[in-house]
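Data block below; observations after.
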Amino acid sequence: MRHAMIPQVNILKLCLLGTKRVMHLNNAGSSLPPNPVLQVTQEYLFAESVEGGYEVAEAREAQLNLCYTALARLLNCDASDRILTCSAEYGSNYIAFLQVSKRFGVVVEVIPDDEHGQLDIAKLQLMIDDSVKLIAISHIPTSSGLVNPAAAVGKIARASNIPYLLDACQSVGQMPLDVHQLGCNFLTGTSRKYLRGPRGAGFLYVRA
């Protein structure tokens, strides 16, 4: 086995200029770029130096977008995958979903509201199928006193084995929260609102 690996190691050394000088093991910090990456990066930066950054980005848009296809293949992300969110979702969260949609072709769908303005649990249930890969909602929106039925969403998510992300930035500290009752896989919060903590501090709960 050891002898079989030697040719592979030699090939890798040929692709990495830095291995001629160092034995680099800090890949967790930053890996040595292989020669093809180095070459393409140098060519791109040279093009920017003579044509301009925005001009090169526009001219090579199709080439740059190939990375999204490659990432989707790496992550086994299907273009038919769906993210379900609510109409009262925080703007920055929704922008992040749209970025995922643009990069990987994931479909973002908004769960309809009921007559009270909360997300409609019955309609959410009808939207569930194998293509739903994430349910992500805001517990309480920034702009109103609406409280979405987070625990009811959690029951549907758990029964369907769908990851559930709850934005609790407006509810943590304002009302009692229990992640086990809520049934969420992930919960985000911030300190600067009803916890009365400093700005710039927040937290993410992840269910093991």
Side-chain angles (χ1 to χ4, degrees), residues 28 68-197 200-208:
Y68 302 134
T69 304
L71 282 171
R73 188 166 57 247
L74 175 67
L75 300 174
N76 194 27
C77 178
D78 196 323
S80 64
D81 289 348
R82 298 158 65 210
I83 296 175
L84 303 185
T85 188
C86 61
S87 63
E89 185 59 277
Y90 188 57
S92 295
N93 296 346
Y94 198 79
I95 289 172
F97 302 152
L98 293 178
Q99 289 174 336
V100 173
S101 176
K102 180 179 179 181
R103 292 177 180 179
F104 304 119
V106 173
V107 177
V108 181
E109 296 183 10
V110 175
I111 306 161
D113 295 331
D114 62 16
E115 65 273 19
H116 305 295
Q118 300 173 314
L119 68 85
D120 192 314
I121 291 296
K123 291 181 179 176
L124 167 61
Q125 185 67 72
L126 294 174
M127 298 174 75
I128 299 297
D129 61 27
D130 292 340
S131 68
V132 178
K133 304 304 181 184
L134 177 68
I135 300 173
I137 68 167
S138 288
H139 197 179
I140 299 177
T142 303
S143 56
S144 74
L146 170 74
V147 180
N148 272 316
V153 173
K155 289 181 180 179
I156 293 175
R158 281 199 174 186
S160 306
N161 198 29
I162 298 171
Y164 172 30
L165 167 62
L166 181 65
D167 181 338
C169 287
Q170 296 291 343
S171 56
V172 64
Q174 181 177 194
M175 58 188 296
L177 298 179
D178 184 324
V179 292
H180 301 292
Q181 293 180 3
L182 293 168
C184 55
N185 299 84
F186 314 98
L187 183 145
T188 59
T190 184
S191 68
R192 75 179 189 276
K193 297 180 183 289
Y194 297 98
L195 294 179
R196 302 181 184 279
F203 62 89
L204 169 66
Y205 159 81
V206 179
R207 189 175 76 207

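Using a 4.5 Å heavy-atom cutoff, the side chains of L134 and L84 are not in contact. Within the 4.5 Å cutoff, no side-chain heavy atoms of F104 are placed close to those of D81. You'll find the side chain of K133 stays beyond 4.5 Å of the side chain of V106, heavy atoms only.
Atom CZ of R207 sits in a crowded spot, with more than 12 heavy atoms from other residues, nucleotides or ligands closer than 6.0 Å.
The side chain to side chain contact (heavy atoms under 4.5 Å, CB included) check on L126 picks up nothing, with sequence neighbours excluded. Listed by chain and residue number, nothing satisfies the side-chain hydrogen bond (donor to acceptor under 3.5 Å, both in side chains) test with D114 (two or more places apart in sequence, or in another chain). Qualifying side chain to side chain contact (heavy atoms under 4.5 Å, CB included) partners for T85, counting only residues two or more places apart in sequence or in other chains: E89, Y94, F97, V108, V110. Residues passing the salt bridge (charged side-chain N to carboxylate O under 4.0 Å, His left out) test with D129, sequence neighbours excluded: R82. Under the rule for a side chain to side chain contact (heavy atoms under 4.5 Å, CB included), the partners of Y194 that lie at least two apart in sequence or sit in another chain are Q170, Q174.
Atom CD1 of I95 sits about 13.5 Å away from atom OG of S101, to the nearest 0.5 Å. Atoms CD and SG, on E109 and C86 in that order, are 14.0 Å from each other to the nearest 0.5 Å. Expressed to the nearest 0.5 Å, how far OH of Y90 lies from CD1 of I140 amounts to 14.5 Å. The OG1 atom of T188 sits 7.0 Å away from the CG atom of L204 when rounded to the nearest 0.5 Å. To the nearest 0.5 angstrom, C169 atom SG is 7.5 Å from N93 atom CG. Atoms CZ and OH, from F186 and Y205 in turn, are 10.0 Å apart once rounded to the nearest 0.5 Å.
The minimum heavy-atom distance linking T190 with L195 is given by the pair O-CD1, 3.8 Å. Annotation for P112 and M127: closest pair CD-SD, 3.8 Å, computed over non-hydrogen atoms.
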Which donor-acceptor pairs under 3.5 Å do side chains of residues 145-163 form with protein atoms, sequence neighbours excluded?
residue, atom, partner, partner atom, Å
N148, OD1, L119, N, 3.0
N148, ND2, S138, O, 3.0
S160, OG, I156, O, 3.0

Please walk me through it: do V179 and L166 pass side chain to side chain contact (heavy atoms under 4.5 Å, CB included)? CA-CA 10 Å; V179 292; L166 181 65; over 6 Å; no

